[in-house]
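Single-structure report; data block below.
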Amino acid sequence: MFKTRLLSGILLVIIALVTIISGGPVLWAVVTLISLIGMRELYKPFHMENELPGICGYLSAILYDILLFALNGGFLPGESRDWFMGLFMALIISLMAVMVFSYPKYHADQLTAAFFGVFYVAVMLSYIYQIRGLPGGAYTVWLVFICSWGCDTCAYCVGMLIGKHKMAPRLSPKKSVEGGIGGIAGAALIAVLYALAINHWGNAGVSAASFAVIGAAGGMISQVGDLGASAIKRIYGIKDYGKLIPGHGGILDRFDSVIFTAPIIYYLAVLIS
């Protein structure tokens, strides 16, 4: 089991390296694909992954990503806010139409989950692509994974060593307050080391202090993402969201913290720069 998990983890890192370094259409396409798979996993507990509400969600996510790509490439005129607001209004209208014309087949919680899935998975994951497009984004985008997976690793190690006070005993009995603090500190430290490395070998010219702030904030919010995804699993009595990644589960099991970290790092990077 450990060997399978390790090999899957190495493969994920290789895919991330190739995809993010390539950037542009390659990164956009991979993020879109991951979003659709993640949405399908999220819709399964609501029994609508193959139903009309879910299909409305998938189509909206695809249109959102196409709009994002077109606007970033300058292919569409006008304010991006107008295009996106129009899309989300269309999603709400479509979901309500599905409920009305198929009544009483679908429940309000299914429609809410369909709408939530577009934002929770597709919109928030799209910030990986958006970070890559920022000035210096080729370096900054890696902070998403440093904060998420680095925090997770450091929190686990510190929690195993000195963890005594439970963070969320009813939700995740193994997570401790000490581990959480260690994860935040670890993410900040790794971000600083990363800044020093890219300044030395890549002449990036980034601020180690800024990366430390981003690392700490990203590490903190990544734990909320992790626990939030766990809460949904506990409520609906599922162990993993899927089996796509051997030893890790599904896309949401591996990217639950990344989903929360990507938007935070985008806005912090814009604010600090």
Sole residue of L71, L63, V123 in side chain to side chain contact (heavy atoms under 4.5 Å, CB included) with F84: L71

Side-chain donor/acceptor of W28 to backbone N/O of Y129, under 3.5 Å: no

M167 and S176, any side-chain heavy atoms less than 4.5 Å apart: no

From CA spacing to verdict: side chain to side chain contact (heavy atoms under 4.5 Å, CB included), K233, D253: CA-CA 10 Å; K233 288 193 289 187; D253 294 296; 2.9 Å; yes

Spacing of CD belonging to E178 relative to CE belonging to M160, to within rounding of 0.5 Å: 13.5 Å

Any side-chain heavy-atom pair of I184 and Q223 under 4.5 Å: yes

Single-linkage hydrophobic cluster I235~L111, side-chain heavy atoms < 4.5 angstrom: yes

Mutual orientation of the aromatic rings belonging to F115 and F119 [parallel < 30°, tilted 30-60°, perpendicular > 60°]: tilted

Contact check, side chains of L52 and S102, non-hydrogen atoms, under 4.5 Å: no

Side-chain donor/acceptor of Y241 to backbone N/O of K44, under 3.5 Å: no

Trace of the side chain to side chain contact (heavy atoms under 4.5 Å, CB included) decision for K105 with M99: CA-CA 7 Å; K105 183 175 182 180; M99 184 174 71; over 6 Å; no

Joint hydrophobic cluster, L268 plus I190, side-chain heavy atoms closer than 4.5 Å: yes

Donor-acceptor pair, side chain of N199 and main chain of G205, under 3.5 angstrom: yes

Within-4.5 Å side-chain heavy-atom neighbours: F145 and I128: yes

Under 3.5 Å: donor-acceptor pair, side chain of Y139, backbone of Y194: no

Spatial distance of atom SG (C56) from atom CD1 (I93) [nearest 0.5 Å]: 11.5 Å

All salt bridge (charged side-chain N to carboxylate O under 4.0 Å, His left out) counterparts of K166, not counting sequence neighbours: none

Lys/Arg-Asp/Glu bridge criterion (N-O < 4.0 Å) met for R254, D152: yes

Contact check, side chains of V144 and Y266, non-hydrogen atoms, under 4.5 Å: no

Side-chain touch L252/L42, heavy atoms, less than 4.5 angstrom: yes

Check: E49 side chain, E41 main-chain N or O, donor-acceptor pair, under 3.5 Å: no

Residue pairs involving residues 213-239 (criterion ring pair (Phe, Tyr, Trp, His ring centres under 6.0 Å); sequence neighbours excluded): F46-Y236

Same apolar cluster (I L V M F W Y, side chains within < 4.5 Å links), M39/F88: yes

Hydrophobic cluster membership, I214 vs L196, 4.5 Å side-chain cutoff: no

ILVMFWY cluster, Y58 and F255 together (side-chain gap under 4.5 Å): yes

Contact check, side chains of Y106 and M48, non-hydrogen atoms, under 4.5 Å: no

Polar contact flag, side-chain donor to acceptor under 3.5 angstrom, S148-S222: no

Heavy-atom side-chain contact between Y267 and I131 under 4.5 Å: no

